[in-house]
Amino acid sequence: MSNRDNARPVYSTEAGRICPRCGWPEHNCQCSRKAEEPVPSRIVAKLRMEKKGRGGKTVTVVDGLPRNAAFLKALSQDLKRACGTGGTVIDGGIELHGDLRDRLRDVLAQKGYVVKG
């Protein structure tokens with residue numbers, strides 16, 4: 001067996017510089033994509049109900065929100081307080097325990113958001 005059979009690329013001109021934090025090429029760095037999005041003046045919230053992969057439990061997902069951690073955390077606290085239920089912040093959305101679509105429509109509309117679903 002020669003050295004060429006088990007050789008691996010040490011440097012590639014195809015990828016160029018590699019980000020030391022995430023390991024992706026610098027031009028497609030995944031670290032910079034997780035930056036905070038500004039909160040737009042018009043927010044469109046999409047509601048959906050999910051059961052799959054949760055042992056038959058129902059959750060309501062508020063999706064389509066800006067990816068801003070402080071905004072999502074504050075909105076999550078307000079929604080959980082208004083609905084009297086638990087929940088969590090997921091990537092770009094909020095999950096609340098139970099089927100709360102009707103109640104969430106009213107709460108989000110009072111906040112001035114456009115609600116779909």
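Note that this is a predicted model, so its numbers are computed, not measured. Reckoned from all heavy atoms, side chains included, excluding hydrogens, waters and symmetry mates. Heads up: numbering here begins at 1 and tracks the sequence.
The nearest pair of heavy atoms linking I94 to L72 is CD1-O, 3.9 Å. The heavy-atom pair separating L108 from A45 by the smallest distance is CD1-CB, 4.0 Å. Minimum interatomic distance between G98 and T60 (heavy atoms only, all atoms of both residues): O-OG1, 2.6 Å.
Residues K51 and K57 fail the side-chain proximity criterion, which asks for heavy atoms closer than 4.5 Å. Contact of the R81 side chain with the L79 side chain is not registered, since no non-hydrogen atoms from C-beta on lie closer than 4.5 Å. Taking the side chain as every heavy atom from C-beta outward, P40 and P66 approach each other to under 4.5 Å. A 4.5 Å side-chain heavy-atom check between V62 and V115 finds every atom pair outside the cut-off.
The distance from atom CZ of R67 to atom CG of D91, rounded to the nearest 0.5 Å, is 4.0 Å. To the nearest 0.5 Å, the span separating CZ on F71 from CD1 on I43 amounts to 3.5 Å.
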Where do K80 and E95 land on the salt bridge (Lys or Arg N to Asp or Glu O under 4.0 Å) test, with the steps shown first? CA-CA 10 Å; K80 289 190 293 186; E95 282 185 357; over 6 Å; no
For V61 and V59, run side-chain contact (heavy atoms from CB on, under 4.5 Å): C-alpha distance rounded to whole Å, both residues' side-chain angles, the deciding distance at 0.1 Å, then the answer. CA-CA 6 Å; V61 179; V59 296; 4.3 Å; yes
Begin from the C-alpha positions of L47 and K116 and carry the test side-chain contact (heavy atoms from CB on, under 4.5 Å) through to its verdict. CA-CA 6 Å; L47 298 178; K116 293 185 177 182; over 6 Å; no
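Here R48 pairs with E50, D63 under the side chain to side chain donor-acceptor pair (under 3.5 Å) rule; sequence neighbours left out. Listed by chain and number, the residues in a side chain to side chain contact (heavy atoms under 4.5 Å, CB included) with A82 are V107 (sequence neighbours excluded). Shown here are the side chain to side chain donor-acceptor pair (under 3.5 Å) partners of K111, two or more places apart in sequence or in another chain: D78. Residues meeting the side chain to side chain donor-acceptor pair (under 3.5 Å) test with D106, sequence neighbours left out: none. Residues forming a side chain to side chain contact (heavy atoms under 4.5 Å, CB included) with T85 (at least two apart in sequence, or on another chain): C83, L96, H97, L100.
The hydrophobic cluster around V114 extends to V44, counting ILVMFWY residues whose side-chain heavy atoms fall within less than 4.5 Å of a member.
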